[in-house]
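Below is one structure, written out as C-alpha cells; the observations come after it.
For clarity, every value in this text was computed on a predicted model and none was experimentally measured.
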Amino acid sequence: MAGGLVALLDDVAVLARAAAASIDDVGAAAAKAGAKAAGVVVDDAAVTPQYVRSLAAERELPIIKRIAVGSLRNKFLIILPAVLLLSQFVPWLLTPILMLGGAYLCYEGAEKVWAKIAHHDASGAGEETVQDETTLVSGAVRTDLILSAEIMVISLNEVIDEPFWSRLAILAVVAVVITVLVYGVVALIVKMDDAGLRLSQRSGAVATFGRGLVRAMPTVLTVLTVVGTAAMLWVGGHILLLGTNELNLHFLYDAVHHVEVAAHDATGVLGGIVGWLVNTVASAILGLIVGALVVLVMTLTLHRRNSKAAAAAATTRTDGTIPAPLSRAARRLDAPTDRAPRG
C-alpha cells in the first residue's frame with residue numbers, strides 16, 4: 001500500500017517536471033516569436049493614441065480599455081483560430097490574406113495623408129469631434145485587427161514546426177503579452193499630461209518638470225499621430241513587398257534588396273541602420289502608392305455615390321421651396337428609424 005502510494009507520488013512528480021519543462025519551452029518560444037514581431041508592436045502603440053486625442057480626459061482610459069478588449073477578441077476569436085486552421089490545412093492562403101490586410105493598412109494611411117492635403121486642420125479637427133465613442137472604438141479595433149494579424153502571423157512563422165497544441169499555447173501567450181504591453185504603453189502615453197498636471201501643483205523642480213510635461217504632450221501626441229500614419233504605410237507596404245516575393249513576383253523585392261545592400265555596403269559601420277532605413281522608406285513609398293490607388297478607386301466609386309446622395313438630400317431641404325405634401329409611404333420613409341424594420 002505504502003509502496004503504491006510512493007510510486008504514485010513519483011509519477012506525479014515526473015508529470016509535474018514534464019509540465020514545468022513544457023511551460024518553460026512555451027515561454028521561451030513565445031518570447032522568441034514576440035521578439036520577431038516587435039516592430040509591428042511599436043507601430044500598434046504609435047497608431048492607437050490618435051483615436052483618443054479628441055476625447056475628454058476622463059474618457060481616455062475607458063476607451064483604451066474597450067479597444068484593448070476588442071484587440072483580445074480579434075486575437076482569440078478571429079485571428080488565432082484562423083491562422084491555426086490555415087497553417088494546418090491550407091498554409092498557402094496565409095500570404096494572400098495577409099496581403100489584403102496590408103492593402104487595407106495602406107488605404108488607411110493614404111486616406112489620412114489625403115485628408116491632410118485636401119482639408120485644413122480645422123476641418124480635420126471638426127471631423128474628430130463629431131465622432132462618437134462607438135465609432136472611435138470600431139475604427140481602432142478594425143485597424144488593430146490588421147496589425148494583430150501581422151503580429152500573429154509573424155509569430156506563427158517562428159513556431160510553424162511546433163505541434164498544433166504547442167503552437168496554440170505559444171500564440172495565446174504572445175496574444176496576451178502583446179496586448180497588455182501595447183495598451184499599457186498607450187495608457188501611459190495618453191495620461192502623461194494628467195501626471196504632469198499633478199506634478200505641477202507641487203513645488204520646486206518637480207513642478208517645473210510637470211509644467212514642461214503638460215506643455216510637451218500635445219506635441220508628443222501630434223508626433224505620434226504622424227508616426228502612426230507613417231507606420232500604417234510602412235507596415236502595409238512591407239507586407240505587400242514580402243508577399244509579392246513569396247508569390248514568386250520577385251522584381252519589387254529584389255530591387256529594394258539591391259538598393260538596401262548597396263546602401264549597407266557604402267556606409268560602413270552605419271550600414272545596418274542605413275540599410276534598414278532604405279527598406280523602411282521603400283516599403284512606405286510602396287504603401288503610399290498602393291494606398292493612393294485604393295483611395296482613388298474608393299473616391300470614384302463608393303465615396304462619390306455617397307456624396308451625391310448626401311448632396312441630393314441636402315438640396316431638397318435647403319432650396320427654399322415648399323415641399324409638396326408627402327404620401328403616407330413617403331412619410332414612413334422620412335420618419336426616424338428608431339425601430340428595427342420588420343421581417
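- Checked by atom type and distance alone, the side chain of S155 pairs as donor or acceptor with a backbone atom of I151 at under 3.5 Å.
- Of all heavy-atom pairs spanning L241 and T244, the tightest one is O-OG1, 2.8 Å.
- A distance of 13.5 Å separates CE in M232 from CG in L288, rounded to the nearest 0.5 Å.
- Proximity of a side-chain donor or acceptor of N279 to a complementary backbone N or O of E260 within less than 3.5 Å is not detected.
- The side chain to side chain contact (heavy atoms under 4.5 Å, CB included) search around I97 returns L86, L93, not counting sequence neighbours.
- One finds the OG1 atom of T95 at 11.5 Å from the CG atom of L240 (value rounded to the nearest 0.5 Å).
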Carefully, step by step, assess I239 and V235 under the rule side-chain contact (heavy atoms from CB on, under 4.5 Å).
-> CA-CA 6 Å; I239 292 172; V235 175; 4.0 Å; yes
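- Between H257 and Y253, the angle of the ring planes stays under 30°, which puts this pair in the parallel group of the 30/60° scheme.
- Electrostatic pairing of E133 and R66 counts as a salt bridge here, judged by a charged N lying under 4.0 Å from a carboxylate O.
- Considering every non-hydrogen atom in both S200 and R211, the closest pair reads CB-CG, 3.6 Å.
- The minimum heavy-atom distance between P81 and I78, with the atom names listed, is CD-O, 3.6 Å.
- Checking side-chain atoms of S87 against main-chain N and O of L84 turns up a donor-acceptor pair under 3.5 Å.
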